[in-house]
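The structure presented is a predicted model; accordingly, all values stated were derived computationally and were not measured. In what follows, chains are A, B, ... by sequence order, proteins preceding strands, each numbered from 1.
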2 protein chains.
Amino acid sequence: MKIPKPTDAELEILQVLWEHGANTVRFVNEHLNEKKETGYTTTLKLMQIMHGKEMLSRDDRNRTHIFDAAVKEDDIQKELLDKFLDATFRGSASKLVMHALGNSQTSKEELDQIRQLLDQLEGGK
Amino acid sequence: MKIPKPTDAELEILQVLWEHGANTVRFVNEHLNEKKETGYTTTLKLMQIMHGKEMLSRDDRNRTHIFDAAVKEDDIQKELLDKFLDATFRGSASKLVMHALGNSQTSKEELDQIRQLLDQLEGGK
DNA sequence: TTTTTGTTACGAAACATTTCGTAGATATAT
DNA sequence: ATATATCTACGAAATGTTTCGTAACAAAAA
């Protein structure tokens, strides 16, 4: 089964559902509105399209439908990252990593975690 | 001066120019064709649009124009990475880095370089 | 009961991006 | 000199994505 690449607007909706779990259109719409004014029916239409693509599941036993992400966060992140890495960094993961760490404020704990992963990877070299 | 976010097709053209330096439409088009069939005038039109946006410079002293990237690779990568990080990983750089290193085959030299950066970053914590 | 509010469905408009076709000019080959 | 190939310019079609408006119905409030 092929995972379709979500569009920008679809990804925003997936983020809300991944973060907060199954929810209504209204809930999702209100979250989106915190970042950017979005009409209710716009969000509804997108979620219906996503359901059509089997990107979202839907419980329609009650009048107010409950939607949930039907694709795994990790899978989508991996898919998008692969494409982004190629398109933007010509496949150089280290360049991307250097940029990412250079910019952001990442906690000591997270840096340690990355260091552990490095140890693990370099173990085999 | 505002850097406009390049579209996917525009980014592919920038990659060719960043990698190979100033060149003709034909050269760029032939490179793009290695990955995906693209009509000559399609590439031409895109490069004209990009020139209009000041994303490319153009030397039109001769009939065959020579185009070059007018935006810095690092700047565009930073801009795109920031947006990608927010949209896809909700801003968690460490999660992105773990994914990126987990997937790819990165050389020992590159891993060491990343480790150095970690040392440097953790120095201040 | 009647009105108001909230919900889904969905066509169509609006907008963004990519692709193509044609005209006109210049260079190159015959 | 003529034909052929190559190049730019650019409008417009094709495609993809997002937003909006309206209809139909159900629920809740007055």
Rounded to whole Å, please give me the gap between [atom1] in [X] and [atom2] in [N].
X	N	atom1	atom2	value
A/Met47	C/dA9	CE	P	12 Å
A/Ile49	C/dT8	CD1	P	15 Å
A/Asn29	C/dT8	CG	P	11 Å
A/Lys5	D/dT17	NZ	C1'	13 Å
A/Leu11	D/dG16	CG	C1'	17 Å
A/Asn62	C/dT8	CG	P	11 Å
A/Asp59	C/dT7	CG	P	15 Å
B/Gln48	C/dT18	CD	P	15 Å

| said: Looking at B/Lys45 and C/dG21, is any side-chain donor or acceptor paired with a base atom of the opposite kind under 3.5 Å? | reply: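 Checked by distance alone, the answer is no.
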| message | Are more than 12 heavy atoms, taken from residues, nucleotides or ligands other than B/Lys53, located less than 6.0 Å from that residue's NZ atom? | response | yes
| query | Is it true that atom CG of A/Asp8 has more than 12 heavy atoms of other residues, nucleotides or ligands lying nearer than 6.0 Å? | reply |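 For A/Asp8, atom CG is not crowded (no more than 12 foreign heavy atoms under 6.0 Å).
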For nucleotides 26-30 of chain D, tabulate all protein N/O to nucleotide N/O atom pairs closer than 3.5 Å, reporting atom names and distance.
none

| query | Between B/Arg58 and D/dA9, is there a side-chain N or O to OP1/OP2 distance below 4.0 Å? | reply | yes
| query | In residues 34-44 of chain A, which residues come under 4.0 Å of DNA chain C by heavy atom? | reply | A/Tyr40, A/Thr41, A/Leu44
| field | Distance-only side-chain donor-acceptor flag, B/Glu73 / B/Gln77, under 3.5 Å | value | yes
For the atom pair [atom1] ([X]) and [atom2] ([Y]), what is the distance rounded to the nearest 0.5 Å?
X	Y	atom1	atom2	answer
A/Lys78	A/Ile76	NZ	CD1	11.5 Å
A/Leu118	B/Glu110	CG	CD	11.5 Å
B/Thr41	B/Met47	OG1	CE	13.5 Å
A/Phe89	B/Leu81	CZ	CG	5.0 Å

| request: Give me the ring orientation class for A/His31 and A/His20: parallel if the planes are under 30° apart, tilted from 30 to 60°, perpendicular past 60°. | output: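 A/His31 vs A/His20 ring planes: tilted.
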| query | For the residue pair B/Leu14 and B/Ala69, what are the closest heavy atoms and their distance? | reply |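 For B/Leu14 versus B/Ala69, the nearest heavy atoms are CD2-CB, 4.0 Å.
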| B/Asp8 side-chain proximity, nearest of C/dT18, C/dT8, D/dT6 |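 Nearest listed nucleotide: C/dT18.
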| request: Measure from the side-chain heavy atoms of B/Thr64 and tell me the nearest of D/dC7, C/dA9, D/dT18. | output: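 Looking only at heavy atoms from C-beta outward on B/Thr64, the closest nucleotide is D/dC7.
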